[in-house]
> 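I have a structure I would like to understand better, so I am pasting it below and will then ask my questions one at a time.
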Amino acid sequence: NAGVTQTPKFQVLKTGQSMTLQCAQDMNHEYMSWYRQDPGMGLRLIHYSVGAGITDQGEVPNGYNVSRSTTEDFPLRLLSAAPSQTSVYFCASSLLETDTQYFGPGTRLTVL
Amino acid sequence: AQKVTQAQTEISVVEKEDVTLDCVYETRDTTYYLFWYKQPPSGELVFLIRRNSFDEQNEISGRYSWNFQKSTSSFNFTITASQVVDSAVYFCALGSNDYKLSFGAGTTVTVRA
């Protein structure tokens, strides 16, 4: 199993550009989520999904969209990047809602 | 609302010293789950330990041990005989039945040779 994979590892955007951060897992996990990590603030939940076709907002959803068309994939879309979205983004998954979440390697995004 | 507080921002020790990381949490849920994750300089998040609210038994796993006390809402984590490879940021996290995890701000541990 590859576990949770994320692409790209690094990305630089200009303000206003759009992009999609990819996340995939091969463990048949129902639950997937996106977090952002900023210095001194730990990780904050952006969006999460409890299964294919079901998504919901987390703590900091503004500026981000998600969809879950398959169990394996959970992409995060930035529609119009802003400097405030400069962060490290982590995707996580777990089998059940109360299970331990396992994280991908992260994507470091810089918005100029 | 759930909240996790890690009051220690940074801890620096010499190799072989013990390190205890403090974590205090707030929740209204009667069933909840507590975690410790490690983030080494390479950046990935590594799951270390998990404790369920209905199980207050404290355990030791190798050089790791934890002290879960519901009465004080604390979930402290100890590394015994620290090593340089233990240098990392350690996060305490709180989850409940809604799948969402709330993280503390993290404690940076530096172990000097």
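Each chain gets a letter, A, B and so on, in the order the sequences are listed, and its residues count up from 1.
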> Other residues, nucleotides and ligands only: do more than 12 of their heavy atoms fall within 6.0 Å of CZ on Arg50(B)?
yes

> Please round to the nearest 0.5 Å and tell me the distance separating atom OG of Ser102(B) and atom CD of Glu59(A).
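Going from the OG atom of Ser102(B) to the CD atom of Glu59(A) covers 7.0 Å.
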
> Give a yes or no on whether Lys3(B) atom NZ has more than 12 heavy-atom contacts from other residues, nucleotides or ligands under 6.0 Å away.
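Check fails, neighbour count at 12 or below.
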
> Tell me, do Tyr35(A) and Phe103(B) make a side-chain contact under 4.5 Å, heavy atoms counted?
yes

> Which region of Tyr37(B), side chain (C-beta onward) or backbone (N, CA, C, O), has a non-hydrogen atom less than 4.5 Å from a non-hydrogen atom of chain A, or is it both or neither?
side chain

> So what's closer than 4.5 Å to chain B heavy atoms on Phe90(A): side chain, backbone, both or neither?
side chain

> Under 4.5 Å from any heavy atom of chain A, what part of Ser96(B) do you find: side chain, backbone, both or neither?
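Just the backbone, heavy atoms under 4.5 Å.
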
> Do you know which two heavy atoms are closest between Leu45(A) and Lys100(B), and how far apart they sit?
CD2-CG, 3.5 Å

> When clusters are formed by joining ILVMFWY residues with side-chain heavy atoms under 4.5 Å apart, either directly or through shared neighbours, do Phe91(B) and Val111(B) land in the same one?
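No, because Phe91(B) and Val111(B) fall into different hydrophobic clusters, even though each may have its own neighbours under 4.5 Å.
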
> Which of the residues Gly106(A), Pro39(A), Ala92(A), Ser33(A) is involved in the greatest number of heavy-atom pairs with chain B at under 4.5 angstrom?
Ser33(A)

> Looking only at heavy atoms, which two atoms of Leu101(B) and Gln101(A) are closest? And how far apart?
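Nearest heavy atoms, Leu101(B) then Gln101(A): CG-NE2, 3.5 Å.
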
> Would you name the heavy atoms of Gln39(B) and Gln37(A) that are closest together and state the gap between them?
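Smallest interatomic distance, heavy atoms only, reads OE1-NE2, 2.8 Å.
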
> Measure distances from Leu43(A) to the heavy atoms of chain B and classify the residue's part below 4.5 Å as side chain, backbone, both or neither.
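Contact with chain B involves both backbone and side-chain atoms of Leu43(A).
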
> Trp66(B) and Ile79(B): same hydrophobic cluster, using ILVMFWY side-chain contacts below 4.5 Å?
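Same cluster.
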
> Is there a path from Leu76(A) to Met19(A) through hydrophobic residues (I, L, V, M, F, W, Y) whose side chains come within less than 4.5 Å of each other?
yes

> Among Arg44(A), Arg108(A), Met32(A), who wins on heavy-atom pairs under 4.5 Å with chain B?
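Among Arg44(A), Arg108(A), Met32(A), the one with the most close pairs to chain B is Met32(A).
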
> So if you build clusters from Ile, Leu, Val, Met, Phe, Trp, Tyr with side-chain heavy-atom gaps below 4.5 Å, do Ile49(B) and Val19(B) land together?
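Result: yes, single cluster for both.
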
> Answer yes if Tyr90(B) and Phe103(A) sit in the same cluster of Ile, Leu, Val, Met, Phe, Trp and Tyr residues linked by side chain heavy atoms under 4.5 Å apart, and no otherwise.
no

> Identify the two heavy atoms, one from Ala105(B) and one from Gly40(A), that lie closest to each other, and give their separation to 0.1 Å.
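What the structure gives for the nearest pair is CB-O, 3.4 Å.
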
